[in-house]
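Numbers here simply count residues along the sequence, with the first being 1.
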Amino acid sequence: MVEGTKSEHTENLGSHGGRASSWLAVTVMIVGTVVAGFGLTASNWMFVWVGAGVFVVGGILALVFNITTDVVIDAPRVGMRAEDHR
């Protein structure tokens with residue numbers, strides 16, 4: 001293969017890294033989960049509800065940033081035929 005050109009196989013691979021905006025939304029949701037979890041273990045309901053609110057904000061960010069478009073679709077995988085399972 002000539003350097004600088006893509007083959008048909010490598011064109012479908014992509015990256016699993018995701019965009020920075022998607023990572024921001026997920027990080028906000030993780031922070032909300034940690035804060036709410038701390039509030040549950042400390043019996044502090046204010047932390048629970050603040051964490052839940054932060055999680056909802058992260059979910060809204062995920063919808064706005066459309067993080068599901070970061071999914072990499074690999075080439076179809078070839079499975080075994082039904083006859084091979086006998």
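Using modelled atom types, one finds no donor on one side chain facing an acceptor on the other under 3.5 Å when comparing Thr68 with Asp70.
Applying the side-chain contact (heavy atoms from CB on, under 4.5 Å) test between Val54 and each of Val28, Val34, Ile30, Thr33 identifies Val28 as the sole match.
Cluster annotation: Leu61 is connected to Val50 through the hydrophobic network of ILVMFWY side chains, with a link wherever side-chain heavy atoms come within less than 4.5 Å.
When all heavy atoms of Ala62 and Met29 are compared, the pair lying nearest together is CB-CE, 4.3 Å. For the pair Ala36 and Ala52, the tightest heavy-atom approach, listed with the atom from each and the gap, is CB-N, 4.2 Å.
Shown here are the ring-ring contact (aromatic ring centres under 6.0 Å, His included) partners of Phe65, two or more places apart in sequence or in another chain: there are none. Applying the side chain to side chain contact (heavy atoms under 4.5 Å, CB included) rule to Val56 yields the partners Ile60; only residues at least two apart in sequence or on another chain are considered.
Distance CG/Leu24 to CZ/Arg19: 11.5 Å, rounded to 0.5 Å.
Sorted by first and then second residue, the ring pair (Phe, Tyr, Trp, His ring centres under 6.0 Å) pairs with a member in residues 36-55 read Phe38-Phe47; sequence neighbours excluded.
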